[in-house]
Amino acid sequence: MVRKVVFVISMLMLISCKTNIEFRKDVASFLIPKPIELSQVDGFFNIDKNIKIATSENLVTEATYLQKLIEGSSNFKPTIVNDYDISQLQNVILLQEDVKFNGQLSSKEGYSIVISKFKIEIIGNSSEGVMRGIQTLRQLFVDDFHKNIKRDAWQLPLISIKDAPKFKHRGMLFDSGRHFFEVAIVKKYIDLLALYKMNVFHWHLTEDQGWRIAIEKYPKLTEIGAFRVQKDSTIYGGFYTKEQIQEIVAYATERHITVIPEIELPGHSLAALAAYPELSCTGNTVEVTNEWGVFKEIYCAGNEKTFTFLEDVLAEVMELFPSEYIHIGGDEAPKLRWEACPKCQKRIKDENLADEHELQSYFIQRIEKFLHKNNRKLIGWDEILEGGLSPTATVQSWRGENGGIVAANNNQFAIMSPTSHCYFDYGIETTDLEKVYNFNPIPSELAPEKHQFIIGSECNLWSERIPDEENLDSKVFPRIFAMSEVLWTYPKDRDFLEFYNRVQNQYGLLEALHVNYGLEFIPVSLKSTLKVDKVQIEVVTKHKDFKTNYRWNCEDCDTIFVETPSVISLDKSAVLEIETLKKDIKYGANLLQGFKLHKAINSEIKQEYLYKDIYKASGEKALLDGKMGSKNIRDGNWQGFLGTDIECVIDLGKEIEITEIGANFLHKQLSWILTPKEVVFQTSVDGITWKNWGTVISKVDPKNKETILETFSKVNPIETVRYVKLFVENLDQLPEWHEFYKGKSWLFVDEIFVN
Ligand code: ACM
Ligand code: ZN
C-alpha cells in the first residue's frame with residue numbers, strides 16, 4: 001500500500017514537472033532578433049480549450065493566423081471574439097492596434113506583448129506590428145509545439161516586451177531562375193522570414209537559365225524559356241502559374257511580407273531571348289543556357305519591340321504583385337552587342353547619348369517611366385548608376401557599399417547587399433555567422449543626415465550552387481539570424497558570444513520545422529608561423545565548443561587521427577587533415593590543407609606589380625608560406641593580379657644549391673581567371689645579372705571550363721644561386737571567345753617553390 005502511494009505521488013510529480021517544464025524558462029535566450037525591451041517574471045500563462053482570441057474586425061487576418069497556429073498543435077481551436085468587455089477578459093489573447101510609443105517604437109511594425117497570469121495582450125502600432133508580435137509569441141512556444149503534436153494544454157512565460165525594427169526594409173533575395181523551387185519551398189521560406197521578422201521576399205523570376213513566371217501575352221516565355229537542356233542532356237526547368245503566384249502573394253500578405261518581383265533587364269535575359277530572339281540585337285537563335293555567368297546577348301535597346309514586350313510583361317507582373325516596388329535588375333549587362341548594333345547606335349544618336357552606358361540609363365529610365373505611370377517605383381542593382389542614375393530610383397548596392405553611398409548622398413533610397421556580408425550563396429569560408437553579425441548596413445563614411453536613405457538590406461541567395469531545398473536551408477540558416485538581428489535590433493555594442501548562445505537555442509525550433517541548417521563558421525583555421533626555414537602550424541578553433549583531431553595524408557604518412565597538439569611542425573610535403581567535433585558530434589567536412597616543404601619558405605620577396613586587395617591572401621609572404629592554394633579561389637591562399645603582369649624576385653638569403661623552381665597557377669575562365677601562357681624563371685647570384693633557368697609553357701586549353709590547378713615547374717642540374725625570379729605576362733584583355741571579351745583577366749598564383 002505504502003509502495004502504491006509513493007508510486008502515485010511520484011507519478012503526480014512527474015506529470016506536474018512535465019507541465020511545468022513546458023515553457024521557456026529564460027525567454028531572453030530564445031528570441032531572435034533580440035527585442036528592444038524585455039522583462040520576465042516567474043510563473044506562466046496557461047493555454048487550454050477555454051482560450052479565446054479577442055480582437056477587432058480590422059485584425060481578423062492576424063487573429064485567424066494565430067488561431068490556425070494554435071489549432072495546429074492543440075486538441076482545440078480558440079474562438080475569435082470581436083465583441084468583448086476588456087475589463088472582463090480572462091483566458092484570452094487580446095490583439096489590438098494602438099500607436100502608443102515614440103521614437104523607434106512608433107514604427108508601424110512596433111508592438112508590445114504582455115503575458116500575465118490571466119491574459120496575453122499583443123498591441124501593434126498597426127496590423128503589421130500585431131503580426132510581428134505574434135511571431136515573437138511563436139518563438140516563445142517550446143520546440144515541441146512546432147512539431148504540430150496535438151496537446152490539451154501548454155504554457156507561456158510571464159513576460160513584457162516592447163519592440164520595433166531599426167530598418168524598414170529587411171529582405172532576402174530568392175533566385176528561382178538558376179534553380180526552380182516548388183511552391184511549397186517558396187512558402188516555407190516566406191514563413192521562416194516572418195518568424196524571424198524579415199519583411200521582404202525579393203523574388204528573382206527571370207534569368208539566363210530560366211524564365212519562371214507565366215505571361216499570357218507571351219506564352220513562349222514559359223514554353224521555351226522555362227526549360228534548359230542540362231549538361232547531361234536532361235531537361236531541367238519549371239515555372240509558376242498565375243494562380244500559384246497569387247497563392248504565394250496571398251500567403252506572404254497574410255504574414256505581412258512584401259513580395260517584390262524582379263524582372264531582369266537589359267541583361268541576364270537569355271531565356272527570354274531564346275523564346276523571342278527578335279528582341280536581341282542580332283536576332284540570332286540562342287538557347288536557355290546551362291552555364292553560370294554573364295552573357296553578351298541582351299535585349300536590343302534600339303528596337304521598339306523590346307519596350308513593347310517589357311511593358312506588356314511588366315503590366316502582367318504588376319497585376320500579380322501589389323508591391324510598391326518592382327525590381328528591374330539592371331546588373332551585369334555587357335555592352336558588346338549594343339556597340340555593334342545599328343539600331344542601338346541610331347538610338348544613341350537620336351537621343352543624344354554619349355555612349356552605351358548612357359543607353360543603359362535611357363533603357364532603365366524608360367522602364368521607370370512606365371512603372372511610375374502605374375504608380376510603382378523602381379529598384380535596380382547599382383549598375384543603374386552608370387550612365388546617369390534616375391533621380392527617383394532606389395539602388396540596391398551589391399558591388400560593395402559605393403552604390404548605396406552615391407544614392408544616399410543624392411538623397412535617394414538605397415538597399416545594402418554588399419557581396420562582403422550579404423551574399424549567402426557564398427560559402428561560410430568568406431561569409432560566416434560572425435561576419436554577418438558584424439555587418440553594418442550604414443556605411444561608416446556616410447554623413448549622419450544621410451543615414452535615413454539607407455532603408456535596409458537584403459541577404460542574397462543566388463541559386464547557381466543551390467540546386468535544392470536542403471542546400472538552400474544550409475545556406476540561409478543560421479546566417480539569416482545575424483541578418484535579422486542586425487536589421488531589426490541593430491545592436492550598437494555587438495556581443496557575438498551572447499548572440500551565438502541565442503543561436504544555439506534556435507536549432508531545436510529549426511529541426512521541428514524541418515530546416516536543414518548549415519554551419520556557423522569554418523570551425524577551425526590554421527595559423528602558420530614562419531620560422532627561419534620551417535613552418536609551425538597552430539590549429540585555431542572558433543569557439544570553445546569545438547575540439548579537433550588531426551592527421552597527415554601522404555604516401556608514407558601515419559593515417560590515424562590523433563588529438564591535435566598545440567603546435568604541429570611541417571616536416572614533410574603532405575596534406576594536413578583536421579576533423580572537428582562540436583559537443584562530440586562531427587561538425588562539417590574535414591579541413592584539408594596541402595603543404596609543401598621547400599627551400600624558399602619565408603624568403604624575402606619583392607613584387608614589381610601589386611596583387612588586388614581582395615585576393616591578397618596573407619599578403620607579402622603568402623606565396624612562400626608552404627601553404628598551397630586549392631581549387632577554391634577564396635581559400636585565402638591565392639594572390640590575384642587583375643590586368644597586370646606578375647614579376648617577383650625571391651631572395652633566398654644566401655647562396656644555396658637548387659635543382660627545381662616552380663609555381664602553381666589557377667585556371668577558372670568562367671571567373672575570368674586564366675593560367676598564363678608561359679612562366680619564365682631566372683636565377684642570379686648577385687641580384688643584378690640574371691641567367692635563364694627555363695620557360696614553362698601551359699598545357700591548359702584556355703577555353704576549358706573546369707577549374708584547373710596547373711603546376712609550372714622546371715628541373716635543371718644543380719646550380720648555386722641566391723636569387724630567383726618569376727615572370728608572367730597577363731593578357732591585355734580577355735580573348736574574343738570569352739563571354740567577357742575585352743574585360744581584364746586575372747592571374748592567380750600560389751605557391752612559388754624552390755627545391
Ligand atoms: C548581382 O549579384 N549580379 C546583383
Ligand atoms: Zn541593338
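Numbering of ligands and ligand atoms starts at 1, following listing order. Just the heavy atoms: all of them, side chains too, but no hydrogens, waters or symmetry mates, feed the values below.
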* Which of parallel (below 30°), tilted (30 to 60°) and perpendicular (above 60°) describes W462 and Y423? -> tilted

* Flag for N632-E429: side-chain donor and acceptor within less than 3.5 Å -> yes

* Just by distance, with hydrogens left out, do E386 and S361 show a side-chain donor and acceptor under 3.5 Å apart? -> no

* To do: Using a cut-off of 2.8 Å, find all protein N, O or S atoms closer to the Zn ion (ligand 2) than that distance.
  => C281 SG, C300 SG, C341 SG, C344 SG

* **Residues in the immediate environment of ligand 1 (any heavy atom closer than 4.0 angstrom)** => D331, E332, W381, W398, Y423, W462

* Think K168 forms a cation-pi with F413, using NZ or CZ under 6.0 Å from the six-ring centre and within 45 degrees of its axis? -> yes

* **Proximity of F748 and F665 rings by center, below 6.0 Å** => no

* Take the angle between the ring planes of H738 and W672 and call it parallel below 30°, perpendicular above 60°, tilted in between. => perpendicular

* **Separation between NE2 of H667 and CG of L709, rounded to the nearest 0.5 Å** => 11.5 Å

* What do you reckon, are the aromatic ring centroids of F181 and Y189 less than 6.0 Å apart? -> no

* **Output field: ring centroids W338/Y299 closer than 6.0 Å** => no

